[in-house]
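The structure appears below as structure tokens.
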Amino acid sequence: MITPAVRTLATELTGDDLPAYVYDLAALRAHARAVRDALPPGLELYYAAKANPAPAVLQALAPHVTGYEVASGGEVEHVRTTVPGAPLAFGGPGKTEGELRRALTLGVERFHVESEQELRLLAWVAQDAGIPAVDVLLRVNLPVAGDELGGAALAMGGRPSPFGLDPEAVERCLPLLSADSGSPLRLRGIHAHLASGLDAPAQVAVAAAIADWAAKLSGRHGLGLTEVNVGGGMGVDYAHPDRRFDWAAYGQGMADLALRHPGLTLRIEPGRALTVHCGWYVTEVLDIKHSGGEAFAVVRGGTHHLRTPATKQHDQPFQVLPMDTGNTGNTGNTGNTGNTGDPGDTWTRPWARPAVRAEPVTLVGQLCTPKDVLASRIPVEELRVGDRVAFAMAGAYAWNISHHDFLMHPRPGFHYLEE
Ligand SMILES: Cc1ncc(COP(=O)(O)O)c(C=O)c1O
């Protein structure tokens, strides 16, 4: 449900101020606080900056998170500057020598190592830079079977993947990290991020499988591992924007897991489930037409700003904000001949206001591609040219994953609401 602050701004902006991303930072803070409160006190909550690295978002989260997961040299620089002093965990495949060197210079707290080559490179760069101790977690691509997931018909990890090390490869890396190897790298623990979109019981089951495996590895080799990062991927439901990941159940499950592994610090790094609900992409309907018997609404903007529905192949949830068109900034016409007959409708164009009523409509953007679809065949009570549409769940993997420059349309506005 759209928050009152976002709704007010969404209807006050002029048509030319749209599209706009509107973030409710007060709602984000309240959500992050609730997430933190649901988790056991000893569990470390990192935010995966890739979900939404906007400075206002990173800073709003700062009081509620232990640190940030970053996945490129760019994210290292950006997050370090935006939230100085916050611990960083640097993950992601294909880290370059330059990125590693810079991350070491900036004192990045944890490195998630993705391969043997990367392990050797990091040790070599650290030695070259004269850095005596670097804390690393090895990322493992661990097979987790369906029966470990409570019998769910799911199996995670273990498939061929460019991410992380196979379990046998983790074992092969251990000599490179041993105390007598002379390596500046200190193996602190294990990292895994095996799936995204899991509900709370499945997430707990995956976390348990990772922690159990890490504890056995540690015991077998006398490693004394103290950390397990079980990744992110907490599920959100784009078909039901008011449903949220069950953080209370997850927190309870993780508390039980922590009791089983008293020597291990558990860490998670969600992105989407922390920020997706705090952002809306607000736009207006420019055109409405029928083609082949189906209704289409063309909105200002499109998937070059909000790529999420195209990448995830879903309908982006939205709410129609009906507009008295006198407010849209699109006036300038005289005459009132086209009024649709609604008492509050001050449509001033000299032709009828295009509208669809009580039928499914497909919302598309302004791009010249049939892929520019934000939501398909969604029944609406009424949608008229000039009405506003607020796309929900646009606070994660939205603007920052979009192909902004395609077709050179103007960029959206950005509004960060504090209250
Ligand atoms: C290693 C790693 N950690 C955390 C995340 C965050 O995942 P999500 O936003 O689904 O929680 C990702 C996402 O790709 C990831 O690759």
Side-chain angles (χ1 to χ4, degrees), residues 28 31-32 35-36 38-39 43-54 57-58 61 64-76 79 87-95 99 103 108-115 118 136-142 144 154 156-157 159 161-165 189-200 202-204 206-207 210 214 227-238 244-247 250-251 254 266-279 307-308 311-314 393-401:
L28 174 61
H31 176 58
V35 170
R36 181 60 267 182
L39 297 170
L43 183 144
E44 293 189 354
L45 170 62
Y46 276 52
Y47 169 59
K50 61 175 78 68
N52 185 338
V57 168
L58 297 178
L61 289 172
H64 311 291
V65 299
T66 318
Y68 298 82
E69 188 259 354
V70 289
S72 72
E75 285 192 352
V76 170
V79 181
L88 302 184
F90 185 12
K95 299 178 190 74
E99 286 177 315
V108 162
E109 284 73 9
R110 291 289 178 277
F111 289 81
H112 295 167
V113 175
E114 297 264 347
S115 71
E118 190 177 290
V136 305
L137 272 59
L138 292 178
R139 179 174 179 178
V140 62
N141 175 23
L142 190 69
V144 178
L154 277 171
M156 317 269 97
R159 282 183 284 272
S161 162
F163 306 118
L165 294 140
I190 291 296
H191 170 247
H193 171 81
L194 298 180
S196 66
L198 299 186
D199 66 10
Q203 275 285 0
V204 171
V206 172
I210 299 164
E227 301 175 15
V228 174
N229 182 330
V230 297
M234 290 67 185
V236 305
D237 187 349
Y238 286 92
R244 299 209 172 180
F245 182 79
D246 189 348
W247 287 102
Y250 182 72
M254 294 302 276
L266 298 176
R267 186 177 299 140
I268 61 173
E269 50 184 27
R272 193 184 304 270
L274 280 180
T275 54
V276 74
H277 302 287
C278 80
R307 195 157 173 253
T308 328
T311 51
K312 287 193 72 76
Q313 297 281 295
H314 68 208
M393 300 183 77
Y397 303 105
W399 166 251
N400 64 315
I401 62 154

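Both ligands and their constituent atoms are indexed starting at 1 by order of listing. For reference, positions follow the sequence shown, starting with 1.
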Under-4.0 Å salt bridge between R267 and E227 |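 Counted as a salt bridge, because a side-chain N and a carboxylate O are separated by less than 4.0 Å.
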
Do NZ/NE/NH1/NH2 and the carboxylate oxygens of E69 and K50 come within less than 4.0 Å?
-> yes

Would you say [X] has any N or O atom under 3.5 Å from an N or O of ligand 1, going by distance alone?
X: A273; answer: no
X: R272; answer: yes
X: E269; answer: yes

Any side-chain to backbone donor/acceptor pair from [X] onto [Y]? Under 3.5 Å, distance only.
X: Q203; Y: G232; answer: yes
X: T66; Y: Y46; answer: no
X: H31; Y: A273; answer: yes

At a 4.0 Å threshold, what atoms of ligand 1 neighbour a non-hydrogen atom of G232?
->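 Taking each heavy atom of G232 in turn, ligand 1 has 4 (C), 11 (O) under 4.0 Å.
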
At a 4.0 Å threshold, what atoms of ligand 1 neighbour a non-hydrogen atom of P270?
->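 Those qualifying, in numeric order: 11 (O).
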
Minimum-distance pair of heavy atoms, taken over all atoms of S161 and N141 | CB-ND2, 3.7 Å

Assess G233 for proximity to ligand 1: is some non-hydrogen atom of it under 4.0 Å away?
->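 It does; at least one heavy atom falls under 4.0 Å.
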
Should the proximity of K50 to ligand 1, defined as any heavy atom under 4.0 Å, be assigned to the side chain, the backbone, both, or neither?
->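 Looking at K50 and ligand 1, just side chain atoms fall under 4.0 Å.
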
How does Y397 reach ligand 1, by side chain, by backbone, by both or by neither, if only non-hydrogen atoms under 4.0 Å count?
->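 The answer is the side chain.
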
Would you mind checking which non-hydrogen protein atom is closest to atom 16 (O) of ligand 1, with the distance to 0.1 Å?
-> H193 CD2, 3.6 Å

Rounded distance [0.5 Å steps], NE2 in H112 versus NZ in K95 =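 So the NE2 of H112 and the NZ of K95 are separated by 8.5 Å.
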
